[in-house]
Amino acid sequence: MPTLNHFLVLSGLLFAIGTAGVFLRRNLITILLSIEIMLNAVNLTFVAVGRHLGTVDGQIITFFVMTVAAAEAAVGLAIVIQLFRLRESLNPDAFTSLKW
Amino acid sequence: MGTAIAFYILAALILTGGVLVITAKSAVHSVVWLVGTIIAIAALYVVQHAEFLAVIQVLVYAGGIVVLYLFVVMLVNLKRPAEAIVHPQRRERTGLLLGGALLAQFAAVAFYAFNSPQVGTAATYSARGNVEAVARALYVEYLVPFEVASVLLLVAMVGAIVLARRDA
């Protein structure tokens with residue numbers, strides 16, 4: 001029977017994978033996908049701890065995290081499209097100057 | 001016993017999916033692997049008796065957010081691969097080091113947790129699923145955050161439309 005610790009270790013590993021993706025990839029869309037992985041890892045923690053405590057509060061917070069993830073995806077992808085129109089590139093290193 | 005087998009299979013699927021998301025060369029492949037990871041996480045929610053959350057996870061993530069990503073991936077057609085150019089001041093090794101440091105921190109906490117006395121998981125769930133309990137909490141206790149979340153979604157929608165306009 002998996003205990004709370006098993007779930008926490010799993011979500012810790014998943015969060016580290018997402019962090020490595022943010023650090024190592026040079027494609028804006030893949031970086032946003034890595035952030036989604038990190039959010040999912042946190043959701044997993046909330047659900048596991050909520051179940052451990054015997055309440056549904058952890059699941060409620062997960063709903064709000066999903067809401068924020070949806071908002072983040074919509075706005076982030078709009079910015080990505082606009083950046084692509086500006087430079088014809090998705091590499092974050094192409095957008096290092098604040099002034100052009 | 002069945003729960004343990006389900007947990008280990010799903011954990012393997014989730015971690016493999018996550019690694020493939022960040023290692024896939026093409027962004028389309030990354031998105032498809034993310035769908036697999038998300039569905040495996042939804043199955044893990046079912047294992048934890050969060051059935052309603054599992055359904056919402058598949059509907060909102062696999063059906064909504066991921067499709068949005070796929071649209072953008074198809075919309076931008078790059079003439080050369082996104083990662084063709086490496087900026088001279090980029091420090092790949094530092095990034096790997098920072099990721100490793102985070103993993104080491106998690107490992108330290110996990111080591112501490114597994115060495116401390118184990119506490120059993122509270123088993124207060126009904127056989128009918130948890131939709132009723134979730135609805136009561138969401139619409140009674142957390143009513144104000146729920147309404148604030150809907151305002152946030154509205155603002156995000158307006159912001160995305162304004163940002164992505166061609167003549168902005």
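By convention in this document, chain letters (A, B, ...) are assigned in the order of the sequence lines, proteins followed by strands, and residues within each chain are numbered from 1. FYI, side chains are in, hydrogens and waters are out, and symmetry mates aren't considered; it's all heavy atoms of this structure.
- With a 4.5 angstrom heavy-atom cutoff, B:I38 touches chain A only via side-chain atoms.
- With a 4.5 angstrom heavy-atom cutoff, A:V68 touches chain B via backbone and side-chain atoms both.
- Chain A forms the most heavy-atom pairs under 4.5 Å with one residue out of B:L53, B:L153, B:T3, B:L75, and that residue is B:L53.
- Contact record, A:F23 with B:G95: CD1-O, 3.4 Å, taken as the closest heavy-atom pair.
- If you tally non-hydrogen atom pairs under 4.5 Å between each of A:L8, A:L14, A:L10 and chain B, the highest count goes to A:L10.
- A:T55 OG1 to B:E141 CD: the interatomic distance, rounded to the nearest 0.5 Å, is 9.0 Å.
- With a 4.5 angstrom heavy-atom cutoff, A:T67 touches chain B via backbone and side-chain atoms both.
- The closest donor-acceptor contact from the side chain of A:R25 to the backbone of B:I22 lies under 3.5 Å.
- Here the closest heavy-atom approach between residue B:A156 and residue A:V75 is recorded as O-CG2, 3.8 Å.
- Ranking B:V155, B:L103, B:V31, B:V134 against chain A, the residue ahead of the rest is B:V134, based on heavy-atom pairs under 4.5 Å.
- Neither the backbone nor the side chain of B:S150 has a heavy atom closer than 4.5 Å to any heavy atom of chain A.
- Residue B:Y69 touches chain A through both its backbone and its side chain, counting heavy-atom pairs closer than 4.5 Å.
- Between A:V56 and B:A137, the shortest heavy-atom distance links the atoms CG2-CB, 3.7 Å.
- Of the atoms belonging to A:A41, not a single heavy atom falls under 4.5 Å from chain B.
- With respect to chain B, the highest number of heavy-atom pairs below 4.5 Å among A:I31, A:L32, A:I79 belongs to A:L32.
- Between the side chain of A:Q82 and the backbone N or O of B:A164 there is no donor-acceptor pair closer than 3.5 Å.
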Exercise for the section: Please report the C-alpha distance between A:F64 and B:F146 in whole Å, then the side-chain angles of each, then the deciding distance to 0.1 Å, and finally whether the ring pair (Phe, Tyr, Trp, His ring centres under 6.0 Å) criterion is met. Expected result: CA-CA 8 Å; A:F64 292 128; B:F146 177 77; 7.3 Å; no
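- Closest of all the heavy-atom pairs between B:S30 and A:T30 is OG-CG2, 4.0 Å.
- Between B:Y142 and A:F63, the distance from one ring center to the other does not fall under 6.0 angstrom.
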